[in-house]
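Protein chains get the first letters and strands the later ones, always in sequence-line order, with residue 1 at the start of each.
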Amino acid sequence: MQFRAPRGTHDVLPADAPARERIASVARVTAAAAGYRAFEPPTFEQADLFVRGVGDGTDIVEKEMYIFEDRGGERLALRPEGTASVCRAYVEHGLANAPQPVKLFYVLPIFRYERPQAGRYRQHTQFGLEAIGVRDPALDAEVISVGWRIMQELGLRDLTLLFNSIGDGEDRRAYVPRLRAHFEPQLDSLCGDCRGRFHRAPLRLLDCKQECCRSFQEGAPLIGDHLRPESREFADAVRAHLSALGIPVREAPTLVRGLDYYTHTVFEIVPARAGSQVTLLAGGRYDGLIEAIGGKPTPGIGFGMGIERMANDLRAQKLAPEEEAGPAALVVALGEAAGPRATSLAAELRAAGVSATMAFGGRSLKAQLRHAHRTGARVALILGERELAAGVVQVRDLSGSEQREVALAEVVGELSGLVS
RNA sequence: GUGGGCGUCGCCUAGAGGCCUAAGGCGCCAGGUUGUGGCCCUGGUAUUCGCGGGUUCGAAUCCCGCCGUCCACCCCA
């Protein structure tokens with residue numbers, strides 16, 4: 001029997017790594033430039049943190065969490081999202097006493113027991129950032145602008161920012177009855193999913209793709225038209241800031257989120273291309289979350305960005321970085337006697353800042369040179385018994401075929417300009 | 001969780017019931033001079049066609065189940 005990576009998980013091979021690293025590093029640098037600082041929670045948390053934070057009626061909690069009991073009988077869960085952990089840390093470490101807002105970013109593996117398909121995995125990596133402690137439309141705009149900027153820096157084009165405001169609990173208490181009143185007469189004609197949504201997640205009635213439900217969506221009341229004046233003003237202020245930033249906004253009156261904690265601002269960044277699992281970045285405001293997990297009422301806003309989806313897009317648009325070249329110098333040892341000196345020569349080169357290694361395996365000169373060529377080395381340093389006796393080394397330039405003899409004592413100095 | 005497509009060497013692909021004890025390209029390994037790469041040539045590299053059953057005189061090729069992957073839905077990054 002052959003072992004395999006578990007369903008929906010993937011190994012990151014050297015060929016895949018540069019694109020991921022590029023995305024993560026651009027994201028970190030961009031976030032840091034706006035004052036966000038690195039944060040890293042444990043990979044698992046008390047399961048109830050997510051039940052209370054994300055919401056016990058959500059799919060994520062209800063059927064997608066990796067839950068387990070540890071040997072001490074504690075009920076834990078692999079994190080299915082990042083925001084709840086950040087908020088838990090904010091409360092736990094008294095970060096309310098730090099200058100507000102507290103602005104953090106993270107790059108974390110996320111775990112959800114879902115049916116895998118392209119762009120959806122059981123373990124994926126999210127870059128995310130959160131700004132906690134202040135309720136200010138300018139902050140919403142800053143968070144969105146950092147996300148937008150990361151996309152620009154990476155060279156992704158033809159993106160759309162979808163924007164909506166879903167109000168807060170009070171707005172929804174007034175709105176949901178109107179929404180239900182619209183759908184109630186047709187309840188029997190709706191799809192099975194929607195009959196469930198009618199009770200559990202009425203906002204989702206608006207983005208069902210089934211033919212049968214679509215027809216009833218026309219003329220349904222929209223949350224955006226039923227916000228209290230203060231909620232409406234907040235959303236308009238966010239729009240004004242985004243406009244000042246020059247970020248094009250596409251209004252998405254039916255955009256809602258699958259996590260219970262979202263309030264007011266919700267947004268997604270999606271590419272123009274068709275397909276299903278395409279959202280690259282999604283987030284929103286979560287003014288009720290910290291209270292829901294036991295802290296004082298505290299506003300917050302943030303987003304999550306899927307590194308694998310981004311990497312797929314970069315590859316599709318031919319923007320993915322090339323695989324890294326191998327070491328610049330390859331030390332070729334011939335014969336037993338030269339071995340130890342070759343080993344130390346490679347180490348000396350590295351210490352001097354020249355990437356270097358050897359062709360291992362005691363192979364023929366020919367095989368070692370071929371290896372040097374195939375791994376992209378710029379020079380081969382040939383050290384055989386003859387060279388050892390004479391205190392020299394053959395320096396062969398692999399881009400052409402020049403070869404010269406250099407004193408062993410001087411090679412490192414001569415090559416130290418060749419950093420790679 | 002629902003429906004559908006696909007699954008041959010590390011990678012890409014040929015093969016469509018007996019000619020397959022599975023072919024080609026790339027890659028990898030070795031060799032073609034006694035210490036010299038890139039091109040070229042030679043040889044090696046799957047007892048086996050995702051796994052397990054079944055049909056048949058005979059299966060990589062047909063059927064069933066499972067697993068994986070991809071697509072749509074659900075949901076989401």
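Among the heavy atoms of the strands, none lies under 4.0 Å from A:Gly376. At a threshold of 4.0 angstrom between heavy atoms, the contacts of A:Ala282 are confined to the sugar-phosphate backbone, with no base atom among them. The residue A:Gln123 sits apart from the nucleic acid: no heavy atom pair falls under 4.0 Å. A:Ser399 comes within 4.0 angstrom of a base, heavy atoms only.
Summary of the strand contacts: A:Pro6 and A:Ala367 both lie near RNA chain B, and taking for each the nucleotide with the nearest heavy atom, the more 5' one is attributed to A:Ala367. Taking for each of A:Leu281 and A:Gln394 the nucleotide of RNA chain B with the nearest heavy atom, the 5'-most of the two is the partner of A:Gln394.
The side-chain ring of A:His124 is stacked on the base of B:rA77, judged by centre separation under 5.5 angstrom and plane angle under 30 degrees.
One finds a salt bridge joining A:Glu348 and A:Arg341 here, because a Lys/Arg side-chain nitrogen approaches an Asp/Glu carboxylate oxygen to under 4.0 Å. Of the charged side-chain nitrogens involved, none lies within less than 4.0 Å of a carboxylate oxygen, so that A:Glu81 and A:Arg112 do not count as a salt-bridged pair. A:Glu308 and A:Arg20 are joined by a salt bridge, as a carboxylate oxygen and a charged side-chain nitrogen come within less than 4.0 angstrom of each other. Between A:Glu414 and A:Arg404 there is a salt bridge, with a side-chain nitrogen of the basic residue lying less than 4.0 Å from a carboxylate oxygen of the acidic one.
Here the nucleotide nearest the side chain of A:Arg112, chosen from B:rC76, B:rG1, B:rU36, is B:rC76. Of the candidates B:rG35, B:rC28, B:rC74, B:rC28 carries the atom nearest the A:Arg374 side chain, counting heavy atoms from C-beta on. Between B:rC75, B:rG37, B:rC70, one nucleotide has an atom nearer to the side chain of A:Ala118 than all others, and that is B:rC70. The nucleotide whose nearest atom lies closest to any side-chain atom of A:Gln117 is, among B:rG35, B:rC74, B:rA77, B:rC74.
In this structure, CG of A:Asp397 is placed 16 Å from P of B:rG38, rounded to the nearest angstrom. The CD atom of A:Glu114 sits 15 Å away from the C1' atom of B:rU2 (whole-angstrom rounding). One interatomic measurement links the two molecules: CD of A:Glu64 to P of B:rC74, which rounds to 13 Å at whole-angstrom precision. Per the geometry, NE2 belonging to A:His371 stands 10 Å off P belonging to B:rA30, to the nearest Å.
Between the side chain of A:Arg257 and the base of B:rC76, no donor-acceptor pair under 3.5 Å is found.
Classified by interplanar angle (parallel below 30°, tilted 30° to 60°, perpendicular above 60°), the ring pair A:Phe234/A:His264 is tilted.
Phosphate contact (OP1/OP2 of B:rA30, side-chain N/O of A:Arg363, threshold under 4.0 Å): present.
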